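Comments concern the structure below.
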Amino acid sequence: MATIRDIAKLARVSPATVSRVLNYDQELSVAQETKQRIFEVAEDLNYTKHKRANKIGKAVIRLVQWYDEAEELADLYYLSIRLGIEKKAEELNIQIRREALNELSDIQVNGTIALGKFDAEQIRQLKQTDENLLLVDFDGMNMGLNSLVVDFDQSVNLVIDHFIRQGYQKIGILSGEEKTKHNLQPIEDPRLMAFKHKMKQLNLYRPEFTLTAAFSMETGKTTMAEFLSSTEELPNALFASSDALAVGAMQAIQAAGLRVPEDISVIGFNDVSVAKYVSPALSTIKVETEWMGELAVSTILDLAKEFSPVPRKIMLGTKLIQRESTK
């Protein structure tokens, strides 16, 4: 059976170019003559995208992360996903090869899982390294890439609907601020986008109740403390884009002499292990992060067996865990 590498050799282009042409990548800038040559060679070789050639021996999956180990410990979200990936790989007797984005090897693998947020240049680098690529926690559908992401619209709706049922109208958000590693491009928090959309639909959006901080407990505490000291009118409910931000916000609220949830009700996001042990115990949106990692392994293996004519996008639902930080 002909492979992409066979086509690339005869068409005198790279395997990555062949893959992108055959998948009708709209971002690829290549001469029409080159595209025609690739399609003609593929036709001559009777190439089919439907089945990938099985690799001999133990399966190997490349794992590329944007967080290092120190950053993982500061925000356990990505640590939990990685552990899920490694757990599933061990169950299936699959080797996980962890590689840094700036040190990608040309070793033959069954697929590449890219965990985290990446800019356009990094995405191009990943696509050139491996045609079987799955982005985890990053939506690459507009770039024609397979993606496994959380359904943030559903998550935020759970939070706002809960607050409204409890009688809250003045609802604020402490959103997360991130940048890509290489070019330091700002990454808009999808929870903030979903929050604004829903609250505007309800005619409840208050821009003065919209706060932003880096994803850490310390910045959450500092940002919330500055807000509390600079305004007279306060929200009576607050959604934070991570549990770390939520815990920091609660510390600032209590330090200002206010009570959680009597004065300000708080809901976080992720349900990390410490959420139930803080005081008061944190209500939060639970993301099944470990299972998300396991699903990433299953998905990349499925993609290794059979090509999809269009990129695949899997969206994971969430659930609200109610504890003492909300009434």
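Predicted, not measured: the structure shown is a model, and the values here were computed from it.
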- Message: Looking at L282, is its backbone amide N or carbonyl O close enough to the side chain of R323 to form a donor-acceptor pair, meaning the two atoms are under 3.5 Å apart?
- Response: yes
- Please answer whether the main-chain N or O of I285 pairs with a side-chain N or O of D271 as donor and acceptor at a distance below 3.5 Å. no
- Are the side chains of Y67 and K117 in touch, meaning some heavy atoms are under 4.5 Å apart? no
- Could you tell me whether the side chain of Q122 and the main chain of D119 form a donor-acceptor pair under 3.5 Å? yes
- Task: Considering non-hydrogen atoms only, spot the tightest contact between I321 and K286 and give its length.
- Result: CG1-CB, 3.7 Å
- Message: Donor-acceptor pair, distance only, cut-off 3.5 Å: does the side chain of S147 make one with the backbone of L134?
- Response: no
- Should L158 and I267 be marked as a side chain to side chain contact (heavy atoms under 4.5 Å, CB included) after you check the CA-CA gap, both sets of side-chain angles, and the distance that decides it? CA-CA 11 Å; L158 286 175; I267 294 179; over 6 Å; no
- Message: Would F215 and S242 count as a side chain to side chain contact (heavy atoms under 4.5 Å, CB included) here? Give the steps.
- Response: CA-CA 7 Å; F215 277 102; S242 76; 3.6 Å; yes
- Between I85 and E294, is a side chain to side chain contact (heavy atoms under 4.5 Å, CB included) present by the stated rule, with each step listed? CA-CA 5 Å; I85 291 172; E294 295 179 19; over 6 Å; no
- Would you say M292 and L295 make side-chain contact, with heavy atoms under 4.5 Å? no
- Query: Between Q125 (side chain) and L101 (backbone), is there a donor-acceptor pair under 3.5 Å?
  - Reply: yes
- Query: So H162 and T326, side chain to side chain contact (heavy atoms under 4.5 Å, CB included) or not? Walk me through it.
  - Reply: CA-CA 9 Å; H162 173 74; T326 53; 3.8 Å; yes
- Item | Residue pair I173 / F209, side-chain heavy-atom distance below 4.5 Å | no
- Message: Measuring only between side-chain heavy atoms, which start at C-beta, is V156 closer than 4.5 Å to I160?
- Response: yes
- Checking T17 side chain against V13 main chain: does a donor-acceptor pair fall under 3.5 Å? no
- For residues L204 and K170, determine if any side-chain heavy atom of one lies less than 4.5 Å from a side-chain heavy atom of the other. no
- Message: If I compare all heavy atoms of E178 with all of W66, which pair ends up nearest, and what's the gap?
- Response: OE2-CZ2, 3.3 Å
Scan the side chains in residues 245-265 for donor-acceptor partners under 3.5 Å anywhere in the protein, sequence neighbours excluded, and list what turns up.
{"unit_1": "Q254", "atom_1": "NE2", "unit_2": "S279", "atom_2": "O", "d": "3.2"}
{"unit_1": "R259", "atom_1": "NE", "unit_2": "D263", "atom_2": "OD2", "d": "3.4"}
{"unit_1": "D263", "atom_1": "OD2", "unit_2": "R259", "atom_2": "N", "d": "2.7"}
{"unit_1": "S265", "atom_1": "OG", "unit_2": "S325", "atom_2": "O", "d": "3.3"}

- Check: I171 main-chain N/O paired with N236 side-chain donor or acceptor under 3.5 Å: no
- Query: Are I187 and V287 joined in one hydrophobic group, where the rule is that I, L, V, M, F, W and Y side chains link up if heavy atoms are under 4.5 Å apart?
  - Reply: yes
- Less than 4.5 Å apart, any side-chain heavy atom of I300 and any of N132? yes
- Message: For G172 versus P235, what's the shortest heavy-atom pair and its separation?
- Response: N-CB, 3.9 Å
- Message: Is the terminal nitrogen or CZ of K200 (NZ for Lys, CZ for Arg) located under 6.0 angstrom from the six-membered ring centre of Y205 and within 45° of that ring's axis?
- Response: yes
- Looking only at heavy atoms, what is the nearest atom pair of S105 and E99, with distance? OG-OE2, 2.5 Å
- Query: Would you find a donor on one side and an acceptor on the other, under 3.5 Å apart, between the side chain of S229 and the backbone of E226?
  - Reply: yes
- Distance, nearest 0.5 Å, that separates CZ of R62 from CZ of R98: 14.5 Å
- Side-chain donor-acceptor pair present, S216, T219, cut-off under 3.5 Å: yes
- Verify same cluster id: L92, L148 (apolar side-chain graph, 4.5 Å): yes
- Task: Would you mind reporting whether S14 and Q128 have side-chain heavy atoms less than 4.5 Å apart?
- Result: no
- Query: Is it true that M193 and M315 fall in one hydrophobic cluster, defined by side-chain heavy atoms closer than 4.5 Å?
  - Reply: no
- Would you tell me whether S175 and S241 have side-chain atoms, one donor and one acceptor, within less than 3.5 Å of each other? no
- Going through the checks in order, is the salt bridge (Lys or Arg N to Asp or Glu O under 4.0 Å) test met by E131 and K127? CA-CA 6 Å; E131 64 189 60; K127 289 170 71 174; over 6 Å; no
- Cation-aromatic face contact R191/F239, 6.0 Å, 45 degrees: no
- Item | Nearest heavy-atom neighbours spanning L316 and W291 | CD2-CZ3, 3.5 Å
- Item | Polar side-chain atom of D137 near backbone of V149 as donor-acceptor pair, under 3.5 Å | no
- Hey, quick one: are L133 and M141 part of the same hydrophobic cluster, counting side-chain heavy atoms closer than 4.5 Å, chains of contacts allowed? no
- Donor-acceptor under 3.5 Å (T231 side chain, F227 main chain): no
- Note on the structure: For S155 and T318, the nearest pair of non-hydrogen atoms, with its separation, is OG-OG1, 2.8 Å
